[in-house]
Amino acid sequence: MADIAIERVEALKTGDLHDLCDAADDAIKAGGGFGWVEPPPRDVMERYWKGVLVVPERILFVARLDGVIAGSAQLVKPPRNNEAQGHAASLTTAFVAPWARGHGLARRLTQAVEAEAVACGFRALNLDVRETQEAAIALYETLGFKRWGTHPFYALVKGVRTAGYFYSKDLDQATPQDETPR
Ligand SMILES: CC(C)(COP(=O)(O)OP(=O)(O)OC[C@H]1O[C@@H](n2cnc3c(N)ncnc32)[C@H](O)[C@@H]1OP(=O)(O)O)[C@@H](O)C(=O)NCCC(=O)NCCS
């Protein structure tokens with residue numbers, strides 16, 4: 001059976017940074033959902049992850065399959081000046097490398113982000129996704145995220161206008177069952 005681990009990351013060793021960059025590159029090439037449409041040069045990708053680690057509002061999680069970082073997701077806290085929306089955090093930048101899919105890594109990553117949001121006292125968790133990301137849509141819906149809107153021109157991917165869906169989970173209503181890792 002595959003060995004799966006989910007970790008909250010505060011520093012990245014060189015080998016882990018390379019694995020994270022490789023996983024992101026592979027996910028982007030496979031059609032991503034990770035913002036980039038084409039993988040950026042390696043130095044840009046490395047600077048991106050190093051940047052994430054120093055932004056106080058971002059909490060980085062990685063998923064390992066048999067010890068190798070194969071996926072990631074982030075919890076993004078709202079800006080401190082936004083009192084009215086201070087109850088809501090966002091889940092962003094979620095992906096699993098194609099070679100590691102189907103082992104439950106994304107489910108466990110999403111549950112880890114949600115558990116951290118609850119631990120931080122947030123009462124809603126928001127996310128958005130391209131309409132073409134069918135696996136992600138199925139994942140989030142089975143984890144209790146409710147679709148509340150569609151943006152018809154959410155993304156422009158290789159010249160193609162792509163709609164996107166907006167989801168939210170009311171953490172006040174979340175049942176313990178939703179948090180149980182499978
Ligand atoms: C979406 C993604 C993260 C899923 O990663 P994964 O580790 O393979 O997912 P899991 O193994 O944890 O699967 C969890 C659930 O996701 C859904 N799912 C996963 N792969 C699926 C597929 N190919 N088709 C339909 N649903 C799928 C299922 O509901 C699955 O639950 P089940 O195993 O009980 O059926 C991965 O496919 C990916 O990186 N896609 C591209 C990037 C992306 O869409 N990111 C999200 C943007 S917000």
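Read the numbers this way: they start at 1 and go in the same order the structure lists the ligands and their atoms.
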Mind checking whether [X] contacts ligand 1 via backbone (N, CA, C, O), side chain (CB onward), both or neither, at a 4.0 Å heavy-atom cut-off?
| X | value |
| --- | --- |
| Q133 | side chain |
| R130 | neither |
| Y165 | neither |

Does [X] reach ligand 1 with a nitrogen or oxygen that is under 3.5 Å from one of the ligand's nitrogen or oxygen atoms?
| X | result |
| --- | --- |
| F95 | no |
| E134 | no |
| G104 | yes |
| D128 | no |
| V129 | no |

Cut-off 3.5 Å, side chains only: do N126 and S90 have a donor facing an acceptor?
no
What I want to check is whether the side chains of E141 and Y167 have a donor and an acceptor closer together than 3.5 Å.
yes
Under 4.0 Å from any heavy atom of [X], which atoms of ligand 1 are there?
| X | result |
| --- | --- |
| A106 | 3 (C), 4 (C), 5 (O), 6 (P), 7 (O), 9 (O), 12 (O) |
| A138 | 26 (N), 29 (O) |
| R107 | 12 (O), 14 (C), 15 (C), 30 (C), 31 (O), 32 (P), 34 (O) |
| A136 | 1 (C), 44 (O), 46 (C) |
| H103 | 11 (O) |
| A94 | 42 (C), 43 (C), 45 (N), 46 (C), 47 (C) |

Ignoring hydrogens and angles, tell me if any N or O in the side chain of D128 forms a donor-acceptor pair with the backbone of Y165 under 3.5 Å.
no
Under 3.5 Å, is there a donor-acceptor pair between the side chain of R101 and the main chain of V96?
yes
Would a single hydrophobic cluster contain both F166 and V76, if residues Ile, Leu, Val, Met, Phe, Trp and Tyr are joined by side-chain heavy-atom contacts under 4.5 Å?
no
Test of understanding: clusters of I, L, V, M, F, W, Y form through side-chain heavy atoms closer than 4.5 Å, transitively. Do V44 and V37 belong to the same one?
no
Taking 4.0 angstrom as the limit, do R64 and D19 come out as a salt bridge?
no
Ionic contact status for D22 with R42, cut-off 4.0 Å:
yes
G102 heavy atom under 4.0 Å from ligand 1:
yes
Heavy-atom closest contact (L91 atom, A94 atom, distance)
CD2-CB, 3.9 Å
Measuring only between side-chain heavy atoms, which start at C-beta, is S168 closer than 4.5 Å to L125?
no
Heavy atom to atom 38 (C) of ligand 1, shortest distance: which of Q111, R108, R101 holds it?
R101
Would you indicate which of T92, D26, L109, L139 comes nearest to atom 16 (O) of ligand 1 when only heavy atoms are counted?
L139
Quick check on the 6.0 Å ring-centre criterion: do F95 and W36 meet it?
no
